[in-house]
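For clarity, every value in this text was computed on a predicted model and none was experimentally measured.
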Amino acid sequence: MSILGSLNWDDIFIVPFFKEPSTSTAIAAAAGGIVVLGALAVLVLLTVKGWWKPLWTNWITTLDHKKIGVIYIVLAAIMLIRGVLEAVVMRAQQVSPAPGFLSVEHHAELFSTHGTIMIFFVAMPLLIGLINVVMPLQIGARDMEFPFMNAVSLWLSVGGAALVMASLVIGRFETGGWTAYPPYTGIKLSPDEGVDYWIWSLMLTGIGTTLSGINFAVTIYKQRAPGMTLMKMPIFAWTTLCTAILMIYAMVPLAVASAMLALDRHAGFHFFTADAGGNMMNFANLFWLFGHPEVYILILPAFGVFSHVIPTFSGKKLYGYTSLVWATVAIAVLSFTVWVHHFFTMGQTAHLNAIFGIATMTIGVPTGVKVYNWMLTMWRGKLRFSTAMLFSAGFMFTFVIGGITGVMLANPVISFAAHNSLFLVAHFHNMLIPGLLFGMFAGINYWFPLAFGFRLDEKWGRRSFWLWMVGFYLTFMPLYAIGLMGAPRRMAFLTDPAYLPWLMISMVGALAVLAGLTSQVIQVWVSVKNRESLMVPAGDPWDGRGLEWSLGCPVPEHDFTTIPNITSREPWVEAKERGLRVMEPTEFVDIHLPKNTSMGFVVAMVATVGAFGLIFQMWWLGALCWIAMFVLVLIRSYDTDWEKTVTAEELRADYERHKHVVETTPKVSLDDEFTSKNRGLVIDMETAQ
């Protein structure tokens, strides 16, 4: 084998088109070209604008949890664009006359990358990013417990996403679905680099996610403000804590399964090869030991978002705090007890299926508790339908439909009939689009001012909501119908003419979703363009209820000038009821913040290069990079000059500056909340009187 391992000229994205010109290879070449040209365009823009230095000093080397969170969300946005475009192409393929314009292998690659991207490189970065921005502010912390580890986690996730994007340009991704079941993904049936792209991209982001889970949990345990007991924490902090624990324990089975698959492929092991004593069902068990807790890793943070958005825009205290906490804990615990329902059809006994079916139905109970609590919070409230509130309301209505179909599929008899049909595809998307994406969209619209100091444009936000909502129903309700008619999933084309009208409706829905995503891009562009009229320097643009709204917008690097003493669940609401618009300071003392460092970025990029080497069997490069990583981390561990000091005088000056801004900002009523009059000091006039 050469120094370049299995890498050769045929792996370059444009070569297959010249060798075998077709619509399918042309689309693949165009996708690779977009990646290359896009990367070049970004490099040229950064150079022409002179943005390299600020990008490096303010973002790439940052250890500020808020900026790290923003980078996570930007990564997710980029990958979401690719994921939605792939979905549109797949919808177009299935409404085209058979056999369609894609080859069977290309279609299989598309649905594999779509699932992998949407779960690991859209959903996970979105929720980890939002947690990074918001959670420390809600618990009265100045940063994560492990700021450097936070940066390493980020850049490992970026590295994993970079490998997935690289598969468009060099080689190709795997064709075995996002679950990558063997034996199809074994070396005999998938000898090329596709499965290795899956293994090593997930290995990088999985390590990053596990480190994030540890960081979140320890931060909540150790960094809460004085007086903030667990039962005084905001619900978003509770959902973060439960999510973090799930991350710590659930990512391990995925890492083990991926490592075992890699050993099967390249080291002659036989964990999953039945003809040599292995058992591929071990992979299914390990994967879904990760996969079902993963569903609640994705959904619990969104539940936390709704538990803040709904009370704020209902003008009421959250109903049933204690029951929501215990429902969250119950969901986290039960999520580890239901993984077998993902393979009811794979041969276990009826008794075992019944046990896991009952456990699956049981997990719907605490979820139902949450929905009722949110509805009761809205009951007789002063509802204001901001973009965030619209996504929250849309979630509740739509998510219940997904929950009902989930309870149906929890019945093993029904699962046998529907398991490999488009009914299951519709259910899965019915849970994750409203349950995850709508929650993250609501959270971003709600908390955006904390990071950037201005609100997002409401007009384009509402347009995006309606397009996403209509697009979702048009795309996936028809799949329920034809799934019940027997339409199988994972098919490159469907020939039954009875399916075509439903597939055409689904295609229109996919275009509406794409239009919704486009509206969100326009929303950000318009908001940045008009940011002066959307600025909210006083820091409380929604008459919010959480501690994060006491800090001003954007929140300074050190978060709190003085750490507050917490005596209740809603200290900010109580302060406003006493007529305060700035939290009363405690003691001003010097504080220490971590200095920027490039080491987290460098370590992760070295790991990414090493993973790329392993994908193409350049074993020497992989070994060299892993050694380099160890050396870099060792060097970092001996660095003693890693802190900077913010003096008490600077903190006092910052407090006085924020207080002056608040005192000179005109108050506006809820009626003017979405207008340019809102500068961050919104009050409920009726309550104030």
[Y] backbone acceptor or donor facing [X] side chain under 3.5 Å:
{"X": "Glu193", "Y": "Arg172", "answer": "yes"}
{"X": "Thr475", "Y": "Ala510", "answer": "yes"}
{"X": "Ser637", "Y": "Leu634", "answer": "yes"}
{"X": "Asn430", "Y": "Ala426", "answer": "no"}
{"X": "Asp264", "Y": "Phe272", "answer": "yes"}
{"X": "Arg265", "Y": "Ser190", "answer": "yes"}
{"X": "Ser421", "Y": "Pro488", "answer": "no"}
{"X": "Asn215", "Y": "Phe146", "answer": "yes"}
{"X": "Gln93", "Y": "Pro99", "answer": "yes"}
{"X": "Tyr72", "Y": "Leu154", "answer": "yes"}

For a quick check under 3.5 Å, do [X] and [Y] share a side-chain donor-acceptor pair by atom type?
{"X": "Thr209", "Y": "Ser212", "answer": "no"}
{"X": "His270", "Y": "Thr273", "answer": "yes"}
{"X": "Glu86", "Y": "Thr113", "answer": "yes"}

Practice problem: Before giving the answer on ring pair (Phe, Tyr, Trp, His ring centres under 6.0 Å), spell out for Phe13 and Phe18 the whole-Å C-alpha distance, their side-chain angles and the decisive distance to 0.1 Å. | Solution: CA-CA 10 Å; Phe13 70 98; Phe18 286 116; 9.8 Å; no
Distance (rounded to the nearest 0.5 Å) between [X] [atom1] and [Y] [atom2]:
{"X": "Ile117", "Y": "Leu80", "atom1": "CD1", "atom2": "CG", "result": "10.0 Å"}
{"X": "Met251", "Y": "Met203", "atom1": "CE", "atom2": "CE", "result": "10.0 Å"}
{"X": "Ile248", "Y": "Ile297", "atom1": "CD1", "atom2": "CD1", "result": "10.0 Å"}
{"X": "Leu130", "Y": "Phe441", "atom1": "CG", "atom2": "CZ", "result": "12.0 Å"}
{"X": "Asp11", "Y": "Asn8", "atom1": "CG", "atom2": "CG", "result": "4.5 Å"}
{"X": "Glu105", "Y": "Asp192", "atom1": "CD", "atom2": "CG", "result": "10.5 Å"}

Using every non-hydrogen atom in the two residues, find where [X] and [Y] come nearest and quote the distance to one decimal.
{"X": "Ala611", "Y": "Leu204", "result": "CB-CD1, 4.1 Å"}
{"X": "Glu109", "Y": "Thr175", "result": "N-CG2, 3.8 Å"}
{"X": "Thr62", "Y": "Asp64", "result": "OG1-N, 3.0 Å"}
{"X": "Ser167", "Y": "Val164", "result": "OG-O, 2.5 Å"}
{"X": "Val35", "Y": "Val169", "result": "CG1-CG2, 3.8 Å"}
{"X": "Ile331", "Y": "Leu300", "result": "CG2-CD2, 4.0 Å"}

Self-check item: Residues Val606, Trp626; criterion side-chain contact (heavy atoms from CB on, under 4.5 Å); working and verdict
Solution: CA-CA 8 Å; Val606 169; Trp626 292 117; over 6 Å; no
Quiz item: In this structure, which one of Phe121, Trp198, Phe173, Phe287 forms a ring-ring contact (aromatic ring centres under 6.0 Å, His included) with Trp178?
Solution: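 Result for ring-ring contact (aromatic ring centres under 6.0 Å, His included) with Trp178: Phe287.
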Quiz item: For the ring-ring contact (aromatic ring centres under 6.0 Å, His included) test, which of Phe344, Trp339, Phe336 pairs with Phe356?
Solution: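 Output: one option passes, namely Trp339.
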Practice problem: Return the orientation label for the Phe476 and His429 ring planes: parallel under 30°, perpendicular over 60°, tilted otherwise. | Solution: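 Parallel: the ring planes of Phe476 and His429 meet at under 30°.
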Quiz item: In this structure, which one of Val633, Leu632, Thr61, Asp639 forms a side-chain contact (heavy atoms from CB on, under 4.5 Å) with Met599?
Solution: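 That would be Leu632; it is the only one of Val633, Leu632, Thr61, Asp639 passing the side-chain contact (heavy atoms from CB on, under 4.5 Å) with Met599.
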For a 4.5 angstrom cut-off between non-hydrogen side-chain atoms, does [X] reach [Y]?
{"X": "Leu479", "Y": "Ser506", "value": "yes"}
{"X": "Phe601", "Y": "Val152", "value": "no"}
{"X": "Leu241", "Y": "Tyr221", "value": "yes"}
{"X": "Phe616", "Y": "Tyr197", "value": "yes"}
{"X": "Met260", "Y": "Phe269", "value": "no"}
{"X": "Met124", "Y": "Met247", "value": "yes"}
{"X": "Trp468", "Y": "Leu437", "value": "yes"}
{"X": "Phe271", "Y": "Met280", "value": "no"}

Quiz item: Are Asp10 and Lys19 ion-paired here, with the side-chain N under 4.0 Å from a carboxylate O?
Solution: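 Salt bridge present between Asp10 and Lys19.
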Practice problem: Tell me, yes or no, whether the heavy-atom count around Tyr249 atom OH, taken from other residues, nucleotides or ligands under 6.0 Å, exceeds 12. | Solution: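 Check fails, neighbour count at 12 or below.
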Self-check item: Candidate pair Leu202 and Thr116, rule side-chain contact (heavy atoms from CB on, under 4.5 Å), full reasoning
Solution: CA-CA 9 Å; Leu202 264 60; Thr116 302; 3.6 Å; yes
Exercise. Please report the C-alpha distance between Leu168 and Arg82 in whole Å, then the side-chain angles of each, then the deciding distance to 0.1 Å, and finally whether the side-chain contact (heavy atoms from CB on, under 4.5 Å) criterion is met.
Key: CA-CA 11 Å; Leu168 284 173; Arg82 177 180 169 184; 3.5 Å; yes
Quiz item: Are His107 and Phe111 close enough, and set up right, to give a ring pair (Phe, Tyr, Trp, His ring centres under 6.0 Å), and what steps lead you there?
Solution: CA-CA 6 Å; His107 180 266; Phe111 76 67; 5.7 Å; yes
Exercise. May I ask you to check whether Trp288 and His341 place their ring centres under 6.0 Å from each other?
Key: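 That pair fails the under 6.0 Å test.
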Exercise. For this output row, return yes or no: ring centroids of Phe120 and Phe290 closer than 6.0 angstrom.
Key: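 Judged by ring-centre distance (under 6.0 Å), Phe120 and Phe290 do meet the cut-off.
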Quiz prompt | CA sep, side-chain torsions, deciding dist, call: Thr25, Ser22, side chain to side chain donor-acceptor pair (under 3.5 Å) | solution = CA-CA 5 Å; Thr25 55; Ser22 67; 3.1 Å; yes
Exercise. Show your reasoning for whether side-chain contact (heavy atoms from CB on, under 4.5 Å) applies to Leu621 and Ile3.
Key: CA-CA 9 Å; Leu621 180 58; Ile3 193 172; over 6 Å; no
Quiz item: Going through the distances and angles, do His292 and Tyr296 end up as a ring pair (Phe, Tyr, Trp, His ring centres under 6.0 Å)?
Solution: CA-CA 7 Å; His292 201 82; Tyr296 291 98; 5.3 Å; yes
